[in-house]
Amino acid sequence: MILLVGSLQLGFLYAVMAMGIYISFRILNTPDLTVDGSFSLGMACAAVLTASGHPILALIATLFFGAIAGTATGLLQTKLLIHPILSGILVMTSLYTVNLAIMGGRSNLSVAGKATYFTMLKETFGGNMLMMTCFAIIPALLLLVIVPIFFKTHLGLAIRATGDNEEMVRASSINSNLTKCIGLAIANACVALSGGLISQYQMFSDVSSGSGMVIIGLASVIIGETLFGKRGVTIGIASAMIGSVIYRIIVAFALKIDLFPSYALKLISAVIVVIALSGPSVQQSYHQMKIRREVRRHAKREASTAYAETHECKQDL
Amino acid sequence: MLKLMNVNKTFNKGTINERNALDHIELHVNPGDFITIIGSNGAGKSTLFNAICGQFLVDSGQIILDQRNITAFSDHQRAFEIGRLMQDPMKGTAPNMTIEENLALAFTRKAKRGLFALNKSDRSKFREILSQLELGLEDRMKTKVGQLSGGQRQAVTLIMCTIAEPKLLLLDEHTAALDPETAQKILAITEKIIARDHLTAMMITHDIHAALKLGNRTIMMDDGQIILDIAGKDRSALTMDELLSFYSKERKKQLANDRMLFTS
């Protein structure tokens, strides 16, 4: 039970990140690798501000700094025309230094004993397990309302169209460079917020805990898509969030039954993503193989009847 | 309406692949003109459109649209007043968005913006416009554009290009990828919309017959130059054969010049 509740809480906190990944990978249709860096960025910012006694300001700041990181990637892509993957890697790498600098040159920072978003709510509403889960759900739920509404506004529509057909967006007199940057800023703001929440939840921040977040987020998005199908933006975001929770539950149980050592986590997430992504192509090649076998069998049968016919003719002669 | 003054564009300057794609183009398009443009592949027809739309900046010369010098404008700034339809039906629409979302995106470039991209009055307006196409699209406004056929997509793109009442409509062989029957239909719709909104339009076509039948003015391009520009009586008197022979005559002249160049 504790295991389930724990993974529910973690799942909803990571769901905010899964939403960010959904925005960049699915809506904007660009592979954004900034995420690994901006997750740690969120952790670092939140930890420093929480340590100095501003837990709520800390979470708001993560949104702001995450957006800056996303904009940096967007500018590299659109203004300097660097390949999307490479611009993400460049920003992610440079963020490593930034994160260390934010935490004053230390690679980790504990906020144990300080007031956080969770302890503050705990003091007001009581702190049983159910309440804690509710606290974890609140940010995800809030974003689940705000973000889909945003994607129905004119700007949101333009961002969605940018991922779908950039040429058409420019032909409609919209600056697609701007929409791309805004989209990446929103995506990374979500990721950084998730990092900030996790650092307050775990009571510490570590500079390397962002590594592999892209894959974890992508795994959540894909799990959600396998369960609910590829549909509109609102359902897409919701399913990515649920995917994140399911991912955490799977991981928790896999670790519980000692199926894997805890350090196997990232390999498992990568394997989940590989299996999910290769699904359609494997299915297709299986289908192709079946057709080919059928054709071959048919050809063989025809050849044998033709052979028999010629033999009959010879016998007649 | 549109003025191109001494416009030049050379690709791959300074290399052996240097090509003078636009060579001292002078073109004055009057308001309400519907110009058809013909010419062989590589004559510079699409390059002319790209120059007008701002796909690249021209090397020299001025482009003036409705008294505004747009020579240095970027492509999306120019798109505010210019609608462009490409040959490929896939290019003009966002496949994973619904018809109404696509229309809303094109429409809101000029319309007053509310908080949401789509509202009731917009929807009913889109419905009315779509019903004029007589393709039954008005009942499928929530269908993703990717599920439509090429002809239907091109029709939607045509609506998107004209819904914000542009000052100039550029049609780049927009029926070439469609079957003959659909092409006829799209062409008829195009004519109807141009007449209804009194649009100034330019159309590239390889169909010489259509080039003479449609519009009020015909331009022939070759090797980055405008070699023929006729309108009015001269144009209506011109037959297809005359036009073709004119073209081959011009070509021959040029070939002869080239030959002289090589032999001398």
Side-chain angles (χ1 to χ4, degrees), chain A residues 22-30 74-75 77-81 145-183 186 221 225 228-237 239-240, chain B residues 49-50 53-55 73-86 88-98 100-119 122 142 144-146 153 156-164 166-167 169-170 172:
Chain A
Y22 183 85
I23 292 171
S24 53
F25 274 77
R26 285 290 183 262
I27 295 180
L28 271 178
N29 210 4
T30 51
L75 288 176
Q77 274 182 36
T78 56
K79 287 289 164 201
L80 303 181
L81 300 178
V145 174
I146 296 169
V147 174
I149 289 177
F150 169 75
F151 279 111
K152 288 199 163 53
T153 63
H154 181 257
L155 179 61
L157 197 69
I159 292 173
R160 283 171 56 202
T162 306
D164 211 6
N165 184 349
E166 198 179 330
E167 210 167 316
M168 166 264 198
V169 170
R170 295 188 80 77
S172 298
S173 197
I174 296 163
N175 186 350
S176 62
N177 291 348
L178 185 71
T179 52
K180 214 181 249 176
C181 285
I182 295 173
I186 295 170
V221 170
E225 271 172 2
F228 301 98
K230 278 187 187 177
R231 281 193 264 175
V233 175
T234 316
I235 294 174
I237 289 174
S239 61
Chain B
F49 276 16
N50 284 336
C53 287
Q55 237 67 22
F73 280 27
S74 66
D75 55 346
H76 64 90
Q77 284 171 317
R78 297 188 200 193
F80 190 71
E81 292 292 4
I82 300 176
R84 186 183 190 181
L85 210 57
M86 311 285 260
D88 186 354
M90 306 300 150
K91 275 195 176 155
T93 45
N96 290 314
M97 288 166 60
T98 63
E100 56 178 17
E101 283 171 340
N102 269 283
L103 291 179
L105 203 76
F107 183 57
T108 33
R109 81 179 88 170
K110 281 189 183 168
K112 225 178 177 180
R113 286 175 197 180
L115 174 62
F116 292 104
L118 275 161
N119 57 41
D122 285 353
K142 298 227 185 282
K144 283 185 180 168
V145 173
R153 276 184 84 159
V156 172
T157 316
L158 184 60
I159 299 283
M160 285 173 64
C161 288
T162 52
I163 197 166
K167 290 199 171 119
L169 177 65
L170 301 178
D172 191 347

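Chain identifiers are assigned alphabetically (A, B, ...) following the order of the sequence lines, protein sequences preceding nucleic acid strands; residue numbering begins at 1 within each chain.
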* Asked: Shortest non-hydrogen contact from A:S172 to B:A106?
  -> OG-CA, 3.9 Å
* Asked: By a 4.5 Å heavy-atom criterion (distance strictly below it), what part of B:M90 contacts chain A: side chain, backbone, both, or neither?
  -> backbone
* Proximal component of A:A161, with respect to chain B [non-hydrogen, under 4.5 Å] -> both
* Asked: Just how far is it from atom CE of A:M168 to atom CG of B:N102, taken to the nearest 0.5 Å?
  -> 4.0 Å
* Asked: Does any N or O in the side chain of A:N165 come within less than 3.5 Å of the main-chain N or O of B:P95, such that one atom is a donor and the other an acceptor?
  -> no
* Taking all non-hydrogen atoms of both residues, which atom of B:A79 and which atom of A:A171 are closest, and how far apart? -> CB-O, 3.4 Å
* Examine whether an atom of B:Q77 lies under 4.5 Å from a heavy atom of chain A, and if so say whether it belongs to the side chain, the backbone or both; otherwise answer neither. => backbone
* To do: Write out all pairs satisfying salt bridge (charged side-chain N to carboxylate O under 4.0 Å, His left out) with one or both partners inside residues 148-159 of chain A, taking only residues at least two apart or from two chains.
  => none
* **Derivation and outcome, side-chain hydrogen bond (donor to acceptor under 3.5 Å, both in side chains), residues A:S173 and B:H76** => CA-CA 4 Å; A:S173 197; B:H76 64 90; 5.4 Å; no
* Asked: About how many Å separate OG1 of B:T108 and CG of A:L157, when rounded to the nearest 0.5 Å?
  -> 7.0 Å
* To the nearest 0.5 Å, what is the distance between CG (B:L118) and OG1 (A:T153)? -> 11.0 Å
* Asked: What pairs with A:E225 under salt bridge (Lys or Arg N to Asp or Glu O under 4.0 Å), at least two apart in sequence or on another chain?
  -> A:R26
* Part of A:I149 within contact of chain B (heavy atom distance under 4.5 Å) -> both
* If you round to the nearest 0.5 Å, how far is CZ of A:R170 from CZ of B:R84? -> 13.5 Å
* Checking side-chain contact (heavy atoms from CB on, under 4.5 Å) for the pair A:R160/B:N96: CA distance, chi angles, key distance, verdict? -> CA-CA 9 Å; A:R160 283 171 56 202; B:N96 290 314; over 6 Å; no
